[in-house]
Structure formats: C-alpha cells, structure tokens
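Below: the structure, in structure tokens.
Numbering of ligands and ligand atoms starts at 1, following listing order. The first residue in the sequence is number 1, and the count goes up from there.
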Amino acid sequence: MSSVVVESDVQLSLDSIRESLIRQEDTVVFSLIERAKFPLNSAAFEEPRCLDSGNSSSLTEFFVREIETIQAKVVGRYANPEENPFFLDNIPHSVFPTHKYPQVLYPKASSVNINKRIWDVYFKELLPLFVKPGEDGNYASTAASDLDCLQAISRRIHYGKFVAEVKFRDAPHDYESAIRSKDTEALMKLLTFEKVEEMVKKRVEKKAETFGQEVKCVSGDKSEKNYKVDPLLVSRIYGEWLIPLTKDVEVEYLLRRID
Ligand SMILES: C=C(O[C@@H]1C=C(C(=O)O)C=C[C@H]1O)C(=O)O
C-alpha cells in the first residue's frame with residue numbers, strides 16, 4: 001500500500017493525501033469484487049460457534065482477532081499510523097524491528113478509531129447489498145475476504161485523520177474557533193469539498209466497471225456487459241457510507257486537535 005511520504009519536518013499536502021485515497025480505491029473496489037465470489041454466509045459472522053468453551057465469538061470475529069494479533073506481532077502492522085485495529089486494546093509488540101514512521105498526526109487526536117461502527121455498517125448494511133443471499137458453507141474463505149474488505153475500508157476511512165491534519169495546518173485560524181466551540185456543523189462545512197466527492201463517486205463507478213467486467217474474447221461482441229459488483233452500487237457505497245464516515249473521522253480528529 002502506498003503511503004504518504006513525509007519526513008520528520010512533516011511536509012504534507014492535500015494533493016498527496018488525495019493521491020493515496022485514489023490508489024486506495026483500487027484496493028477497496030478489488031476487495032468488494034473478491035468478496036462477491038461468495039454468498040452472504042451469515043453463519044460465519046452471526047453465530048457464536050466457537051468450540052472453545054467460554055468463547056462466544058463468531059468464526060469471523062475469532063479469525064479477525066487472531067490475524068490482528070499475528071499482524072501486530074510479526075509485521076508491526078499497527079506501528080503504521082494508517083492502520084487501526086478492530087479488536088486489539090493492548091497491541092502486542094512486534095518481534096521484528098519495525099519501520100520508524102514519522103509523527104505526522106497530532107498525538108492526542110491520533111487514536112481516533114471508529115472500527116466498531118465500521119464493523120456494524122459493513123456486516124449489517126453493506127455486505128447484504130453487494131453479495132448474493134444464502135450460504136455455501138465456505139466460511140473460512142469468506143472470513144478471509146471479509147477481513148480484506150474491512151481492512152481496506154477501515155484504512156480509507158481513518159485516512160480522514162491525515163486529511164484533517166493537512167486541512168488544519170493549511171488554515172488553523174479557520175478551524176480553531178469551530179474546534180473551541182465544538183461546532184461540529186461548522187467543522188463539517190469547512191472540511192467538505194462537494195466537487196471532490198462527486199469526482200470520487202464517478203471514479204469508483206468507473207473502476208468497478210473496469211475491474212469487474214466479464215472479459216470476453218469474442219471481437220465485436222455487443223451483448224450486455226456483466227459486472228461482478230454493480231458499479232452504481234460501489235458509487236453508492238462511497239457516497240452513503242465511506243465518504244460520510246471519513247468526514248466523521250475528520251471531525252473527531254479536529255475536535256481533539258488543540259487539546
Ligand atoms: C477526504 C476529503 O475530505 C472530504 C471527504 C471526501 C472523501 O471522503 O472522499 C472528499 C472530499 C471532502 O468533502 C478531501 O477533501 O479529499
């Protein structure tokens with residue numbers, strides 16, 4: 001995953017942040033396309049089927065917890081300020097040396113984490129929209145695919161912290177009074193760029209068309225195109241959930257920006 005390259009004097013630009021968000025769209029769209037191979041398979045994430053007595057996790061929750069622990073220990077995943085865990089309260093230390101990430105985010109605001117909301121939104125609202133209903137019993141692969149989607153979506157939404165930091169640095173006086181009076185409406189207005197949002201929605205629709213079309217080798221084939229995930233739905237997922245949640249992260253971050 002491409003990261004914003006910032007040196008210790010921490011040069012940030014809205015353009016470089018937006019470029020990373022554009023690249024992350026590829027990951028999000030591909031992960032949705034991959035997940036659409038499987039039906040809903042709700043038993044994996046709804047039923048507490050763990051055989052370990054005293055553990056009431058669903059298969060998916062158990063899987064995500066275990067993978068997060070391994071990723072923290074082996075690759076220091078959460079040393080990267082772009083990554084936010086779903087379950088780990090105490091992040092285990094990496095057993096290998098980790099990259100020293102420059103301190104870009106404001107320390108008191110950097111811990112904003114809305115993954116509980118993202119988890120609920122993903123399983124209750126998004127997933128039923130873009131996968132077929134039913135069960136095929138392929139729960140292990142489904143859980144792995146869900147984790148890919150969750151991590152891609154979570155990274156995208158929490159990137160709002162970087163967006164908010166750069167917007168604050170570009171116009172601290174504009175933001176400071178709204179932060180002091182905890183005026184979330186004013187903050188939302190300041191950080192919103194409707195034209196950019198429209199462009200994002202159009203672009204992800206196009207990406208879903210391009211990445212998810214069935215490829216045919218018959219030249220001149222004029223038959224209707226089939227898509228693995230409806231491109232309009234991908235645009236809607238961005239417009240109704242991913243962009244608003246990113247902006248909520250921006251507001252949460254800004255509210256703690258001058259603590
Ligand atoms: C992320 C930004 O902040 C807001 C959120 C956007 C998004 O989530 O794509 C787009 C434009 C802004 O309204 C940005 O300005 O790029």
Problem set entry | For Val74, all residues meeting side chain to side chain contact (heavy atoms under 4.5 Å, CB included), sequence neighbours excluded |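 For Val74 the side chain to side chain contact (heavy atoms under 4.5 Å, CB included) partners, ignoring immediate neighbours, are Ile70, Phe96.
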
Problem set entry | Check: Leu59 and Phe45 side chains under 4.5 Å, non-hydrogen atoms |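 Contact flag for Phe45/Leu59 side chains = no.
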
For this session: Taking the six-membered ring for Trp and the full ring for Phe, Tyr or His, determine whether the centres of Phe87 and Trp119 are under 6.0 Å apart.
Result: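 Ring centres of Trp119 and Phe87 closer than 6.0 Å.
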
For this session: Using the ring of Tyr175 (Phe, Tyr or Trp, six-membered ring only), decide whether Arg180 places NZ or CZ under 6.0 Å from its centre and within 45 degrees of its axis.
Result: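 Judged by the rule, Arg180 and Tyr175 form no cation-pi pair.
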
Exercise. What residues come within 4.0 Å of ligand 1, counting heavy atoms only?
Worked result: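 Within 4.0 Å of ligand 1, the protein residues are Arg18, Leu21, Arg156, Val163, Lys167, Leu191, Thr192, Phe193, Val196, Glu197, Val200, Ile243, Thr246, Lys247, Glu250.
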
Let me check something: any side-chain donor-acceptor pairs from residues 224-234 under 3.5 Å, sequence neighbours excluded? List them with distances.
residue: Asp230; atom: OD1; partner: Leu232; partner atom: N; Å: 3.0

Problem set entry | With sequence neighbours excluded, residues passing salt bridge (charged side-chain N to carboxylate O under 4.0 Å, His left out) with Glu135 |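 With neighbours one apart ignored, the set is empty.
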
